[in-house]
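As a basis for the values below, the full set of heavy atoms in this structure was taken, side chains included, without hydrogen atoms, waters or symmetry mates.
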Amino acid sequence: MSEQETTYNKFSWGNEPNASTGKLTVVGAGPGDVELITLKAIKALKAADVVLYDALVATELLEYAHTAEQIFVGKRKGCYAYQQEQINDLIVDRASQGHHVVRLKGGDPFVFGRGAEEMEFAASRGIAVDMVPGISSCLSVPASQNIPVTKRGASESFWVITGTTKEHKLSADVALAAKSSATVVILMGMSKLGQIVELFKGDGKAETPIAIIQNGTRPDEKVAVATIQTIEEEVRNKKLANPAIIIIGDVVRHRARILEIANHHKLELS
């Protein structure tokens, strides 16, 4: 049995993969910068017959699959091109015709994506499945702004939390995270920013540093850095909105420190 066949058997549930059908590869596109995609992801795109891609995927990446059928299945501002059930049906329909379907998702498909659900749906219908991890925005977007999620003496751990649950409510984990000394990274939380701020204020963290990065790693990236007390005003001034990542904790100070050191050396050399 080949290594590829072993992989497919490992990640299949229900019916055994049917050799006459195609396959599904769930691929992480990275945080937005077209250079932050893996070589393995590019290889999968080049081998694709069909690409189903999301709203946060840089469309330049589709050039790697220029001969494939390309279908936009993402959502923007709550408007869905396809409902999830329709995406599942598309995957099965195209794969059942013997096609290699690449499901291209922003960031990493296993971090607040539905990559696992789509793989399970396809595999339960006898379709071979594979997965190519992506560079997750929860780590790479803060890093792109010189914000580490951990730093000796500042943070020993970090939380990664969805700001909005499937019931459209603020995740209960945010309240738990607010009580810890860890870095808190919140995705899909801009609509709940006011609630997040109140939770952290309630735990005596009004002066805790916070950064919000919109369109991280992209040319149209926007950044707001403030404290819990002042962040809402800063967001209004800079007109930040989704898609954005919220980073809360002392690690945010590292960004200013790096800029300070860089400016100091520039002055010394001038």
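V251 approaches I147 most closely through the heavy-atom pair O-CG2, 4.0 Å. Scanning all heavy atoms of the two residues, the minimum distance from R218 to P31 falls at NE-O, 4.4 Å. Here the closest non-hydrogen pair linking I247 and V252 is O-CG2, 3.7 Å. In terms of heavy-atom proximity, A244 sits nearest to M190 at CB-CG, 3.7 Å. The two residues V27 and A41 have their closest heavy-atom pair at CG1-CB, 3.5 Å. The two residues I196 and I248 have their closest heavy-atom pair at CG2-CD1, 4.0 Å.
You'll find the side chain of R103 reaches within 4.5 Å of the side chain of D54, heavy atoms only. Contact of the I210 side chain with the I246 side chain is registered, since non-hydrogen atoms from C-beta on lie closer than 4.5 Å. Side-chain atoms of V101 and L52, non-hydrogen and from C-beta on, do get closer than 4.5 Å to each other. Under the 4.5 Å side-chain criterion, counting only non-hydrogen atoms from C-beta, L24 is not in contact with D130. Side chains of T164 and K169 form no contact here, defined as non-hydrogen atoms less than 4.5 Å apart. V51 is listed as a side-chain neighbour of L62, based on a closest heavy-atom distance under 4.5 Å. The closest side-chain heavy-atom distance from N242 to M188 is not below 4.5 Å. Side-chain contact between N237 and V235: absent, with no pair of heavy atoms (C-beta onward) separated by less than 4.5 Å.
Inspection of the E118 and Q84 side chains reveals an N or O donor paired with an N or O acceptor under 3.5 Å.
Here the NZ atom belonging to K40 is positioned 10.0 Å from the CE atom belonging to M131, to the nearest 0.5 angstrom.
Note on I213: it does not cluster hydrophobically with I228, by side-chain heavy-atom contacts below 4.5 Å among ILVMFWY residues. No path of Ile, Leu, Val, Met, Phe, Trp and Tyr side chains, each step under 4.5 Å between heavy atoms, connects F112 with I212, placing them in separate hydrophobic clusters. Linking ILVMFWY side-chain heavy atoms closer than 4.5 Å, directly or via other members, places V141 and I37 in two distinct hydrophobic clusters. There is a path of hydrophobic side-chain contacts, each under 4.5 Å, that joins M119 to I87. Transitive grouping of hydrophobic side chains (ILVMFWY, heavy atoms separated by less than 4.5 Å) keeps L56 and F110 in distinct clusters.
Annotation: ring-ring contact (aromatic ring centres under 6.0 Å, His included) contacts of Y53 (sequence neighbours excluded): F72. With sequence neighbours left out, the side-chain contact (heavy atoms from CB on, under 4.5 Å) criterion links R152 to no other residue. Checked against side-chain contact (heavy atoms from CB on, under 4.5 Å), T150 has the following partners two or more places apart in sequence or in another chain: F158. Annotation: side-chain contact (heavy atoms from CB on, under 4.5 Å) contacts of I261 (sequence neighbours excluded): R257, H265. Taking L199 as the reference, L170, V174, A175 meet the side-chain contact (heavy atoms from CB on, under 4.5 Å) condition, with sequence neighbours excluded.
Listed by first and then second residue, the salt bridge (charged side-chain N to carboxylate O under 4.0 Å, His left out) pairs involving residues 156-168 amount to none (not counting sequence neighbours). Applying the side-chain hydrogen bond (donor to acceptor under 3.5 Å, both in side chains) rule to pairs touching residues 62-73 yields E69-R94, sequence neighbours excluded. Sequence neighbours left out, the pairs with a member in residues 187-212 that pass side-chain hydrogen bond (donor to acceptor under 3.5 Å, both in side chains) are K179-D203. Listed by first and then second residue, the side-chain hydrogen bond (donor to acceptor under 3.5 Å, both in side chains) pairs involving residues 135-145 are Q145-E221, Q145-R255 (not counting sequence neighbours). Each side-chain hydrogen bond (donor to acceptor under 3.5 Å, both in side chains) pair with one or both residues in residues 223-232, not counting sequence neighbours, appears once here: T227-T230.
Enclosure of atom CD in E35 is not indicated, since only 12 or fewer non-hydrogen atoms of other residues, nucleotides or ligands lie within 6.0 angstrom.
Alongside I135, the hydrophobic cluster contains L36 (criterion: ILVMFWY side chains under 4.5 Å).
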Working note: V129 + V26, criterion side chain to side chain contact (heavy atoms under 4.5 Å, CB included); need CA distance, chi angles, decisive distance, verdict. CA-CA 8 Å; V129 295; V26 177; over 6 Å; no

What verdict does the salt bridge (Lys or Arg N to Asp or Glu O under 4.0 Å) test give for K151 and D250, after you've listed the backbone C-alpha separation in whole Å, the side-chain angles of each residue and the deciding distance to 0.1 Å? CA-CA 9 Å; K151 185 182 179 185; D250 285 339; over 6 Å; no

Donor-acceptor pairs under 3.5 angstrom involving side-chain atoms of residues 180-187: please list them, not counting sequence neighbours.
unit_1, atom_1, unit_2, atom_2, d
S180, OG, W159, NE1, 3.3
S180, OG, A177, O, 2.9
S180, OG, A182, N, 3.2
T183, OG1, V149, O, 2.7
T183, OG1, S155, OG, 2.9

